[in-house]
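For the single chain, residues carry numbers from 1 onward in sequence order.
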Amino acid sequence: MSSRNQQLFERAQRYIPGGVNSPVRAFRSVGGTPRFFASGSGARVVDVDGKSYVDYVGSWGPLILGHAHPEVVAAVRAAALQGLSFGAPTAGEVEMAELLCEMLPTLEMVRLVSSGTEATMSAIRLARGFSGRDLLIKFEGCYHGHSDSLLVKAGSGMLTFGNPSSGGVPTDLARHTLVLDYNDCAGLAAAFAEHGPQIAAVIVEPVAGNMNLIAPQPAFLQAMRDLCTAHGAVLIFDEVMTGFRVGVRGAQGLYGITPDLTTLGKVIGGGMPVGAFGGRREIMAMIAPLGPVYQAGTLSGNPVAVAAGLATLQLLRGAGFYESLAQRSRQLTDGLVAAADKHRVPFCAQAIGGMFGMYFRSQCPQSYAEVMDCDKDAFNRFFHAMLDAGHYFAPSAFEAGFVSAAHSEDVIASTIAAAEAVFNAW
Ligand code: KE4
């Protein structure tokens with residue numbers, strides 16, 4: 001008899017492309033039937049067949065406090081009882097803007113939107129409007145949402161203009177995006193030497209989390225900052241994933257780099273749809289209705305979503321929050337590595353704040369090419385064995401994982417014990 005997960009997936013595929021509302025959820029990278037979740041509480045989620053899992057996806061990052069945190073749910077309930085949306089300014093949006101600018105001092109002004117994609121799309125348009133230039137630099141393996149200028153893969157040569165990486169993206173548009181190698185300082189310098197006066201912006205994940213987790217080489221981000229300053233290009237830190245995830249001041253605080261613009265999402269909505277872009281006042285002043293760069297959104301700053309975000313941000317400012325989160329992440333990665341080593345399985349893992357990467361490879365990768373060198377089949381085998389054991393990791397070898405404040409030492413120890421059993425039977 002098919003499970004309720006399978007029954008729902010069959011129904012879903014009749015009316016929803018691939019049966020999902022976002023491709024990675026379809027399990028196509030790992031195979032098998034995606035899990036339909038019925039509920040979540042703290043570090044756990046329960047699927048429609050009643051099976052419970054320790055959750056290391058956390059809705060891809062937003063659930064830094066764990067599922068259904070009582071204070072966040074209470075804030076959402078209270079806001080909802082006052083009305084779901086007005087399409088007009090609310091006090092909560094002012095509080096949110098003030099809080100974001102206080103927590104991230106590089107933000108002089110900020111605009112709320114409803115997703116990370118909207119945030120990065122708007123920031124790129126703003127950088128082009130501010131600089132009067134068209135060329136955008138991004139890095140292979142970094143994902144910044146699905147706006148057309150970002151669905152571009154490297155051209156034939158590293159310094160040749162991009163080609164569409166998705167159907168429906170005009171070649172004429174893709175050619176305005178240059179795709180370079182992450183952590184390649186020489187390639188970045190060469191691109192500026194060749195195209196400097198035409199470069200509107202560089203957009204980067206300051207810690208890459210969409211090609212599994214790749215840490216920036218210390219010199220890489222500083223070189224980017226220096227080159228953007230020297231050539232009058234806008235440096236955009238896409239902190240949709242790293243913002244308030246790797247530390248209280250995001251990756252910009254961790255590495256001491258001041259971007260010109262920052263994009264945010266995920267954690268700032270606490271599980272509800274909130275994105276944001278912000279930065280230098282002289283740049284943000286170009287955004288409508290102040291300036292000529294248009295940007296808008298029916299549900300931007302939605303009061304119920306903002307209530308969830310405000311409650312979340314207030315709670316993660318608590319003393320020792322990030323120290324404890326980082327300890328839990330390290331407990332997980334150290335434990336997984338020890339379990340794999342004990343059974344001589346080629347494996348490594350690393351954590352930065354509340355996010356982590358794990359790789360079926362002897363050394364942690366430092367580039368897109370090295371990520372591609374990881375044993376994807378081994379990951380898929382591990383993924384399903386751990387899923388069966390009740391531990392839910394991202395259903396792709398090319399995604400980072402997330403720990404929440406609800407992941408106690410004991411919960412993490414249970415995951416490590418399950419991994420030990422999996423590696424013992426490897
Ligand atoms: P959204 O439009 O999905 O809210 O945000 C896009 C985005 C922008 N920038 C970064 C650094 C991101 O990681 C994302 C979205 N991340 C993926 C997870 N790899 C979301 C999961 C999904 O696409 O379903």
Side-chain angles (χ1 to χ4, degrees), residues 5 24 27-35 42-47 49 51-58 60 141 207-215 246 324-404 406-426:
N5 278 302
V24 70
F27 272 33
R28 292 202 165 208
S29 180
V30 293
T33 301
R35 297 305 188 266
R44 290 185 172 277
V45 284
V46 180
D47 74 14
D49 285 317
K51 185 177 173 66
S52 171
Y53 306 83
V54 179
D55 177 18
Y56 290 100
V57 179
W60 302 98
V207 173
N210 286 285
M211 50 172 147
N212 212 313
L213 185 149
I214 300 289
V246 298
S324 170
L325 193 70
Q327 275 168 10
R328 293 286 75 71
S329 300
R330 275 197 307 275
Q331 179 198 349
L332 176 68
T333 52
D334 291 350
L336 292 175
V337 167
D341 287 353
K342 181 178 174 184
H343 299 286
R344 286 187 290 286
V345 176
F347 177 91
C348 65
Q350 63 181 331
I352 300 179
M355 64 193 273
F356 64 89
M358 51 186 187
Y359 326 84
F360 283 84
R361 184 175 192 272
S362 300
Q363 300 294 321
C364 289
Q366 296 186 338
S367 68
Y368 178 75
E370 290 181 1
V371 167
M372 291 302 121
D373 182 45
C374 294
D375 184 340
K376 182 171 175 280
D377 294 337
F379 170 83
N380 291 352
R381 180 179 163 194
F382 178 77
F383 170 83
H384 279 290
M386 292 298 282
L387 190 68
D388 292 346
H391 303 267
Y392 181 64
F393 288 97
S396 164
F398 308 111
E399 295 283 356
F402 305 97
V403 167
S404 83
H407 285 72
S408 66
E409 277 190 57
D410 290 347
V411 163
I412 297 215
S414 74
T415 300
I416 294 165
E420 157 92 49
V422 168
F423 287 133
N424 183 39
W426 203 252

In short, salt bridge (charged side-chain N to carboxylate O under 4.0 Å, His left out) pairs touching residues 324-345 with sequence neighbours left out are Arg328-Glu409, Lys342-Glu420
- request: For Phe383 and Phe27, run side chain to side chain contact (heavy atoms under 4.5 Å, CB included): C-alpha distance rounded to whole Å, both residues' side-chain angles, the deciding distance at 0.1 Å, then the answer.
  value: CA-CA 11 Å; Phe383 170 83; Phe27 272 33; 3.7 Å; yes
Q: Measure from the ring center of Phe360 to the ring center of Phe382 and say whether it is less than 6.0 Å.
A: yes
Q: Fit a plane to each ring of Phe356 and Tyr56, take the angle between them on a 0 to 90° scale, and name the class: parallel (under 30°), tilted (30 to 60°) or perpendicular (over 60°).
A: perpendicular
Backbone N/O of Leu213 and side chain of Tyr359: donor-acceptor pair under 3.5 Å: yes
Salt bridge present between Asp373 and Arg361 (N-O < 4.0 angstrom):
yes
Does Gly31 offer a backbone N or O that forms a donor-acceptor pair with the side chain of Asn380 under 3.5 Å? no
Assert yes or no for the condition that the ring centre distance of Phe347 to Phe423 is strictly below 6.0 Å. yes
Tightest non-hydrogen contact, residues Met355 and Ala400, listed as CE-CB, 4.0 Å
Taking the side chain as everything from C-beta on, heavy atoms only, tell me whether His384 gets closer than 4.5 Å to Val30.
yes
In this structure, SG of Cys348 is separated from CG of Leu336 (nearest 0.5 Å) by 11.0 Å
For Arg44 and Ser52, the nearest pair of non-hydrogen atoms, with its separation, is NH1-OG, 3.1 Å
Nearest heavy-atom contact between Gly357 and Thr333 is O-CG2, 4.5 Å
Applying ring pair (Phe, Tyr, Trp, His ring centres under 6.0 Å) to Tyr392 and not counting sequence neighbours gives Phe37
The test is side chain to side chain contact (heavy atoms under 4.5 Å, CB included); show your working for Lys376 and Ser29 and say whether it passes.
CA-CA 9 Å; Lys376 182 171 175 280; Ser29 180; 3.6 Å; yes
Checklist entry - Backbone N or O of Asp55 within a donor-acceptor pair of the His391 side chain at under 3.5 Å? => result no
Under a 3.5 Å distance rule, please check whether Lys51 uses its side chain to pair with a backbone N or O of Arg35 as donor and acceptor.
no
query = Side chain of Glu370, backbone of Gln366: donor and acceptor closer than 3.5 Å?
reply = yes
Apply side chain to side chain contact (heavy atoms under 4.5 Å, CB included) to residues His343 and Trp426 and explain how you reach the verdict.
CA-CA 8 Å; His343 299 286; Trp426 203 252; 5.8 Å; no
In terms of heavy-atom contacts, Gly354 and Ser329 come closest through CA-OG, 3.5 Å
- Task: Please confirm whether the backbone N or O of Ser404 pairs with a side-chain atom of His407, one donor and one acceptor, at under 3.5 Å?
- Result: yes
Side chain to side chain contact (heavy atoms under 4.5 Å, CB included) between Asn210 and Phe398, worked out = CA-CA 6 Å; Asn210 286 285; Phe398 308 111; over 6 Å; no
Closest non-hydrogen contact found for Pro365 with Ile214 is O-CD1, 3.4 Å
Closest non-hydrogen contact found for Val403 with Leu325 is O-CD1, 3.6 Å
Between the CG atom in Asn5 and the OG1 atom in Thr33, the distance rounded to the nearest 0.5 Å is 7.0 Å
